[in-house]
Amino acid sequence: MRIGYGEDSHRLAEGKPLYLCGLPIPSPLGALAHSDGDAALHALTDALLSAYGLGDIGLLFPDTDPRWQGARSEVFLREALRLVEARGGRLLQASLVLTLDRPKLGPHREAMVENLARLLGLPQDRIGLTFKTSEGLAPEHVQARAVVLLDG
């Protein structure tokens, strides 16, 4: 068994899209990022990579490489899953904590879990998704933390 941990955060700005768990979330603020800035998928990517000592998302997909400008984070997650599977790993469970003051994410929970299940190839009951706010400490900020459990 292996455990991986990852986290990611982005500042938020007006006029940028907000993607979380691979889905566009209606919001006046979105992530300032080289890629689509999906903090949830970035944290999951790092968690998968960390379980096998494979570095982090910045090592595989540097923000200095124009190929990744505006890239969907699903690309990064798929590559991390491929690398894990190539080493005999099998994802068993994923748990995420998303911290965002606004918009409220509760109305999007079901769609987010469904999309994560699709992306990760897991049943929905193997995905934990928790929402928090910063209690006003970082209102223009999104943060994601992820833990994964793998066999192999």
Check: Asp46 side chain, Ile57 main-chain N or O, donor-acceptor pair, under 3.5 Å: yes

Consider only side-chain heavy atoms of I, L, V, M, F, W and Y, link residues closer than 4.5 Å, and tell whether Leu77 and Leu116 are in one cluster. yes

Heavy-atom distance under 4.5 Å between the side chains of Val142 and Leu98, does that happen here? no

Do Leu122 and Leu41 sit in one hydrophobic cluster, given that two such residues count as connected whenever their side-chain heavy atoms are within less than 4.5 Å of each other, even indirectly? yes

Which pair of non-hydrogen atoms, one from Cys21 and one from Ala40, has the smallest distance, and what is that distance? N-CB, 3.7 Å

Is Arg109 atom CZ crowded by more than 12 heavy atoms from other residues, nucleotides or ligands, each under 6.0 Å away? yes

Between His42 and Glu7, is any pair of side-chain heavy atoms under 4.5 Å apart? no

Judged by atom type as modelled, is there a donor-acceptor pair below 3.5 Å linking the side chain of Arg2 to the main-chain atoms of Ala51? yes

With Ser35, which of Phe61, Tyr19, Phe76 fulfils side chain to side chain contact (heavy atoms under 4.5 Å, CB included)? Phe76

Would you say Leu49 ends up clustered with Leu120 if hydrophobic residues are merged whenever their side chains have heavy atoms under 4.5 Å apart, either directly or through other cluster members? yes

Tell me, yes or no, whether the heavy-atom count around Gln124 atom CD, taken from other residues, nucleotides or ligands under 6.0 Å, exceeds 12. yes

Any side-chain donor-acceptor pair under 3.5 Å between Gln69 and Arg67? no

Search all heavy atoms of Tyr5 against all heavy atoms of Val147 and return the closest pair with its distance. CD1-CG2, 3.8 Å

Compare all side-chain heavy atoms of Ser27 with those of Pro103 and state whether any distance is below 4.5 angstrom. yes

Leu48 reachable from Leu119 in the ILVMFWY side-chain graph, under 4.5 Å edges: yes

Can you find a heavy atom in the side chain of His141 that is under 4.5 Å from one in the side chain of Ser9? yes

Has Asp151 got a side-chain atom pairing as donor or acceptor with Met1's backbone, closer than 3.5 angstrom? no

Ala146 and Ala47: which non-hydrogen atoms are nearest, and at how many Å? O-CB, 3.8 Å

Between Glu74 and Arg78, is there a side-chain N and carboxylate O pair less than 4.0 Å apart? yes

Contact between Leu100 and Leu12 at the side-chain level, heavy atoms closer than 4.5 Å - yes or no? yes

Check the pair Arg82, Glu79 against salt bridge (charged side-chain N to carboxylate O under 4.0 Å, His left out), reporting the backbone distance first and the verdict last. CA-CA 5 Å; Arg82 186 193 70 74; Glu79 178 62 9; 2.7 Å; yes

Please name the pair of heavy atoms, one in Pro139 and one in Ser134, separated by the smallest distance, quoted to 0.1 Å. N-OG, 4.0 Å

Student check: side-chain heavy atoms of Met112 and Leu20 closer than 4.5 Å: yes

Step-by-step side chain to side chain donor-acceptor pair (under 3.5 Å) determination, Gln143 to Arg145: CA-CA 7 Å; Gln143 184 172 37; Arg145 295 175 185 91; 2.8 Å; yes

Strictly distance-based, threshold 3.5 Å: is any side-chain N or O of His34 a donor or acceptor partner for the main-chain N or O of Asp65? yes

With the side chain counted from C-beta on, respond yes when Val84 and Val148 share a heavy-atom pair under 4.5 Å apart, and no when they do not. no

Which residues pass the side chain to side chain contact (heavy atoms under 4.5 Å, CB included) test with Ser50, sequence neighbours left out? none

Single-linkage hydrophobic cluster, 4.5 Å side-chain cutoff, Leu32 and Leu18 together: no

Audit row: Leu83, Leu60, side-chain contact (heavy atoms from CB on, under 4.5 Å) steps and yes/no: CA-CA 11 Å; Leu83 291 169; Leu60 270 65; 3.4 Å; yes

Please confirm whether the backbone N or O of Leu92 pairs with a side-chain atom of Arg126, one donor and one acceptor, at under 3.5 Å? yes

Has the side chain of Arg87 got a donor or acceptor atom that lies under 3.5 Å from a matching backbone atom of Tyr52? no

Counting neighbours of CZ on Arg118 that are heavy atoms of other residues, nucleotides or ligands and sit closer than 6.0 Å, is the number greater than 12? yes

Positive for side-chain hydrogen bond (donor to acceptor under 3.5 Å, both in side chains) with Ser73, one of Asp38, Thr45, Asp36: Asp36

Tell me the closest heavy-atom pair linking Trp68 and Val75, and the distance in Å. CZ3-CG1, 4.2 Å

To the nearest 0.5 Å, tell me how far Leu137 CG sits from Asp101 CG. 8.0 Å

Measure the shortest side-chain to side-chain distance between Pro26 and His108 over non-hydrogen atoms and say whether it is less than 4.5 angstrom. yes

